[in-house]
Amino acid sequence: MGNSMTEQTQTPETQSAPSSQEDKPDIIRVEQMHKWYGDFHVLKDLNLTVKQGERIVICGPSGSGKSTFIRCINRLEEHQQGKIIVDDVELTDDVRHIDTVRREVGMVFQHFNLFPHLTVLENCCLSPIWVRKIPRKEAEATAMEYLERVKIPDQANKYPGQLSGGQQQRVAIARALCMKPKIMLFDEPTSALDPEMIKEVLDVMIELAGSGMTMLCVTHEMGFAKTVADRVIFMDGGEIVEEAPPHEFFSHPKEPRTQKFLQQILQH
Amino acid sequence: MAESTMKPPKKAFHPIAWMREHLFSTWYNSLLTVLVGYLLVTSVGPLVSWVFLDANFRGSEPSDCTGAGACWLFVSQRLNFFIYGFYPDELQWRVDVMFILLAVAFVPQFIERFPGRKWLGLFGITGLPVIGYFLIPGGLFGLETVESTKWGGLMLTLILAYIGILASLPIGILLALGRRSDMPIIRGLCVVFIEVWRAVPLITVLFMASVMLPLFLPEGMNFEKLLRALIGITLWQSAYMAEVIRGGLQAIPRGQYEAADALGLGYWKKMGLIILPQALKLVIPGIVNTFIALFKDTTLVLIIGLFDVLGTVQSTVTDPAWQNVAVEGYVFVAFCFWVFCFGISRYSQNLERKLDTGHKT
């Protein structure tokens, strides 16, 4: 577990990540971060450095703290020890810092969390208009652009309740992108979807990965991890157990816990 | 997905079949139908003849009331008092203007396609009270002053209910948000406020406002009884409103708060744009229930010597010139209250239907 960081920097690029990231600046730095729920130690001494444009998949058994971890990165959860620095801003109790970070970090949730009382277009425009202070016309144009990109421009004036799960999740992705974030966090984006809708969401995410977006993705979609990830992080019991490029992670997992996990999920 | 071209089978309406299905499906259903039918015939018939057929509408003197029916002459003769209280006759146009503006602002709310409906509604909750504030008491712009002790009747009922409703909603929202705040001092203050006001009967509040409050106020600082009653009603009502709204806030899933947070919306934007619109929509039935309760509770101002519509009627039914007109008077009061409360209720149902976006989070 301890030497995973050094290993990662030495490995060659995967075939899906042709650009070199060695020279890119760090956009997220997590240093010796701990978190407790009451007395329960959920996250233990997490260290992670993410370079701009990197795609990282975080996997692990349920209860391993992976969701909690990425939710700390935009301060939906508070950490009690250690440092989290996002785009040169350290996350502290300072509300202004939190707001700055949240403007630059988009998030996609397992249960979409679209605003049911607003139309798809209004969902997408809300934050650009009220937080970024972009004129409505311009915000709507941007929103339509992103809705086009997630392939549902025709649903713009419907309410979320009228869409299927897959469509809702694509709207949620578009909504996050409308803020033009530098980082996208995905918290199990396909776990609540019916099987036939998973692909349409993954396709959007793959397309997004291709555009150079920095992505942190908690998912069990190992196919997705193999295609787009620069690094796969395996968490268990609140720790980062193993960290490796996908080809290495899937073919030669080092840690016994990783091997056991991969066996369980790749069996079928 | 292939479009289905099949239509659902048309259901023809046959009265006999309908009755058989809905009224006489089983022996006990048939029995109930006959029983209820009998009760309706025996009660509605006499009621209709008392209210309309045998009633007296013409004339002006108590002696004009003959027959077994209602004596509406009493109501029509005293209508001016029931509506305006002691408001001077020659100045009643000011109240009439307010009645008309009230109708102009709110009647279109029931007509779906009325042009500019939204703006009229907005005027109803902003411009209307401002105009009323200057017009009814007078004293400015060359308008003769009419002291609030002269206000009464339906006009007073509407003033109390309207301002109580209008002011208690925003205060209630703030209290509800405060009670769910992370800041302990604000939360504590809101909890104390709500629990104290809610635990006190309105009669006590009104008594306090009219009798006790002046004792505590410094010498010379004395404001009108009506205003004190209004403040009491509003604060008391806000405590109830706060709890209704808190119910709505609690029903909003955590994911909505998180999504708003993740998009960088600050506290007030998050509440104003995301949480409150959904929470208020959820509790419309509860809010309207509270409004209607308030509307009827305004009658309690009688005990501090203000004459609302019930008070004016009550004070005239004992007039020796008119014998046995109490029932007519109270039926009139009941009808007034029913019209307004039923209107509020219908409007809220419209609103609920309109705001339903077919999605339950």
Side-chain angles (χ1 to χ4, degrees), chain A residues 67 70-71 73-77 93 95-96 98-120 122-133 157-164 168 171-172 175-181 183-187 192, chain B residues 1-3 118 173 176-177 180-187 245 247-287 348 350-361:
Chain A
S67 281
I70 71 161
R71 288 158 58 88
I73 291 170
N74 65 350
R75 195 68 169 195
L76 286 185
E77 304 278 353
D93 284 329
V95 181
R96 278 165 305 167
I98 297 172
D99 284 346
T100 316
V101 166
R102 282 178 179 165
R103 275 199 286 273
E104 302 307 330
V105 179
M107 186 156 199
V108 175
F109 298 87
Q110 182 177 0
H111 296 289
F112 330 135
N113 297 352
L114 292 176
F115 305 131
H117 62 302
L118 301 177
T119 63
V120 164
E122 287 165 342
N123 262 279
C124 293
C125 293
L126 187 84
S127 203
I129 290 172
W130 288 90
V131 179
R132 287 241 193 263
K133 315 277 180 205
N157 292 314
K158 287 194 181 167
Y159 285 96
Q162 297 165 295
L163 305 185
S164 74
Q168 288 192 48
V171 172
R175 179 178 70 176
L177 290 175
C178 282
M179 280 293 276
K180 309 231 161 117
I183 302 163
M184 285 285 285
L185 306 175
F186 292 86
D187 187 2
Chain B
M1 242 188 301
E3 282 290 324
K118 257 188 197 161
I173 289 174
L177 290 177
R180 285 173 57 79
S181 162
D182 294 328
M183 287 175 267
I185 294 175
I186 290 182
R187 188 174 54 225
I245 291 164
L249 290 175
Q250 273 167 351
I252 303 301
R254 224 180 70 174
Q256 293 289 310
Y257 290 86
E258 289 180 349
D261 282 338
L263 284 168
L265 294 166
Y267 179 81
W268 291 108
K269 284 174 193 160
K270 171 170 73 176
M271 289 302 168
L273 297 167
I274 309 299
I275 306 301
L276 280 174
Q278 296 185 62
L280 292 178
K281 188 178 87 181
L282 275 177
V283 293
I284 287 174
I287 292 177
S348 84
N350 275 348
L351 199 64
E352 263 180 81
R353 239 195 330 273
K354 216 180 70 188
L355 294 179
D356 184 19
T357 54
H359 185 72
K360 308 279 176 278
T361 38

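Below, chain A is the first sequence line, B the second, and so on; all start at residue 1.
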Participant: Contact part of Arg75(A) toward chain B, heavy-atom cut-off under 4.5 Å: side chain, backbone, both or neither?
Facilitator: neither
Participant: When rounded to the nearest 0.5 angstrom, what distance separates CG in Leu126(A) from CG in Leu265(B)?
Facilitator: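 If I round to the nearest 0.5 Å, the distance is 5.5 Å.
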Participant: What's the separation between atom CZ in Phe109(A) and atom CD in Gln256(B), rounded to the nearest 0.5 Å?
Facilitator: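 If I round to the nearest 0.5 Å, the distance is 10.0 Å.
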Participant: Looking only at non-hydrogen atoms, find the nearest pair between Ala259(B) and Phe115(A) and report the distance.
Facilitator: CB-CE2, 3.8 Å
Participant: To the closest 0.5 Å, what do you measure between CZ (Arg254(B)) and CG (Leu76(A))?
Facilitator: 8.5 Å
Participant: Considering non-hydrogen atoms only, spot the tightest contact between Gly264(B) and Arg102(A) and give its length.
Facilitator: CA-CB, 3.9 Å
Participant: Look at the side chain of His117(A) and the backbone N and O of Leu355(B), then say whether any donor-acceptor pair between them is shorter than 3.5 Å.
Facilitator: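 Checked: no pair found.
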Participant: List the atom of Leu263(B), the atom of Val131(A), and the distance in Å for their closest heavy-atom pair.
Facilitator: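 Between these two residues, the closest heavy atoms are O-CG2, 4.0 Å.
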Participant: Quick one: does any side-chain atom of Asn74(A) pair with a main-chain N or O of Ala262(B) as donor and acceptor, under 3.5 Å?
Facilitator: no
Participant: Does Met107(A) reach the side chain of Glu258(B), with side-chain heavy atoms less than 4.5 Å apart?
Facilitator: no
